[in-house]
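These notes are about the structure you will find just below.
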Amino acid sequence: QLLKEIEDAHLDADKVIIQSFDERIIEKISKLTRKYSLGVLLSKKKYLFKMPNFNKLAKFCEYANPNYELVNQKFIERAHLHHLKVLPYTVNDINDIRKLMIDGVDGIITDGPNHYFELD
């Protein structure tokens with residue numbers, strides 16, 4: 001249903017990232033199509049004391065999207081070793097944004113991009 005709705009909306013495939021907390025859903029979508037970028041949202045509850053299996057994720061998605069409090073340089077380095085981009089969510093404090101960018105994230109998910117970045 002989701003893929004049909006995206007197709008019906010005539011969105012540019014390179015501007016779509018499908019993401020979910022349920023990695024099984026993302027893996028299933030990857031078997032149906034590789035037209036869109038895919039990401040797995042990584043909760044603080046599940047990964048507070050362990051690293052995700054980046055090797056497994058890299059087999060079916062391009063993005064590891066953790067709760068921003070999970071992210072440090074070690075996390076980013078391990079994800080990048082598996083060619084995964086790191087887009088932490090939901091970062092709404094400018095100091096947290098600055099730290100994450102210095103640490104090397106590939107982008108951020110925020111509720112208020114207009115507040116933090118000058119848009120063209």
Side-chain angles (χ1 to χ4, degrees):
Q1 180 65 31
L2 173 66
L3 294 174
K4 182 183 179 330
E5 288 187 31
I6 293 171
E7 289 292 325
D8 290 349
H10 305 290
L11 300 173
D12 290 333
D14 63 339
K15 297 189 189 283
V16 174
I17 301 173
I18 300 171
Q19 51 189 346
S20 174
F21 284 102
D22 189 338
E23 72 180 58
R24 295 169 301 167
I25 296 295
I26 298 301
E27 188 172 14
K28 184 175 180 180
I29 291 171
S30 78
K31 291 175 182 173
L32 295 172
T33 183
R34 291 306 297 219
K35 183 175 181 179
Y36 305 105
S37 293
L38 303 174
V40 174
L41 294 159
L42 305 166
S43 71
K44 188 168 73 170
K45 182 178 179 181
K46 185 172 181 179
Y47 293 104
L48 185 58
F49 298 108
K50 65 178 182 175
M51 284 279 184
N53 184 338
F54 294 120
N55 187 47
K56 179 181 176 189
L57 294 177
K59 292 177 181 173
F60 58 86
C61 66
E62 296 81 27
Y63 292 90
N65 300 336
N67 177 291
Y68 76 96
E69 293 181 45
L70 296 173
V71 179
N72 55 37
Q73 287 181 337
K74 183 177 179 181
F75 184 103
I76 296 166
E77 289 169 6
R78 287 193 178 174
H80 285 172
L81 278 175
H82 296 280
H83 307 287
L84 289 165
K85 294 179 183 169
V86 178
L87 296 176
Y89 70 89
T90 300
V91 194
N92 290 322
D93 180 87
I94 191 65
N95 293 319
D96 292 329
I97 291 170
R98 286 186 182 122
K99 180 194 175 303
L100 290 164
M101 294 178 97
I102 289 167
D103 285 347
V105 296
D106 299 289
I108 60 161
I109 298 169
T110 183
D111 291 328
N114 295 348
H115 294 48
Y116 309 115
F117 303 102
E118 186 175 322
L119 301 177
D120 294 329

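Both backbone and side-chain heavy atoms feed into the values below; hydrogens, waters and symmetry mates do not. One-based numbering along the sequence shown. Since the structure is predicted, the reported quantities are computational estimates derived from the model, not experimental observations.
Contact annotation: the side chain of Leu87 approaches that of Ile17 to within less than 4.5 Å [non-hydrogen atoms, C-beta and beyond]. Counting heavy atoms from C-beta on, the side chains of Leu84 and Tyr63 never come closer than 4.5 Å. Under the 4.5 Å side-chain criterion, counting only non-hydrogen atoms from C-beta, Leu57 is not in contact with His82. Counting heavy atoms from C-beta on, the side chains of Gln19 and Val40 never come closer than 4.5 Å. Phe75 places a side-chain heavy atom less than 4.5 Å from the side chain of Leu42. Taking the side chain as every heavy atom from C-beta outward, Asp106 and His80 approach each other to under 4.5 Å.
By the side-chain contact (heavy atoms from CB on, under 4.5 Å) test, Leu2 is found to be paired with Ile6, Ile18, Ile29, residues two or more places apart in sequence or in another chain being considered. Contacts of Asp22 classified as side-chain hydrogen bond (donor to acceptor under 3.5 Å, both in side chains), with partners at least two apart in sequence or in another chain: Arg24.
Residues Gly107 and Pro88 come closest through the heavy atom pair O-CD, 3.1 Å. Here the shortest heavy-atom pairing between Pro66 and Val71 reads CG-CG2, 3.3 Å. Looking at every heavy atom in both residues, Arg34 comes nearest to Lys59 through NH1-O, 3.9 Å. Closest heavy-atom contact between Ile25 and Ser20: CB-OG, 4.5 Å. Of all heavy-atom pairs between Val86 and Ile76, the closest is CG2-CA, 4.3 Å.
Asp93 places a side-chain N or O within 3.5 Å of a backbone atom of Asn95 that can act as its donor or acceptor partner.
For the residue pair Asn92 / Thr110, a side-chain donor-acceptor distance below 3.5 Å is found, with atom types taken as modelled.
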Using a 3.5 Å cut-off and no angle test, enumerate the donor-acceptor pairs between side-chain atoms of residues 45-55 and protein atoms at least two apart in sequence or in another chain.
{"from": "Asn53", "atom 1": "OD1", "to": "Asn55", "atom 2": "N", "distance (Å)": "3.3"}
{"from": "Asn53", "atom 1": "OD1", "to": "Lys56", "atom 2": "N", "distance (Å)": "3.0"}

Apply the test side-chain contact (heavy atoms from CB on, under 4.5 Å) to residues Leu3 and Lys35: give CA-CA distance (whole Å), side-chain angles for both, the deciding distance (0.1 Å), then the verdict. CA-CA 10 Å; Leu3 294 174; Lys35 183 175 181 179; over 6 Å; no
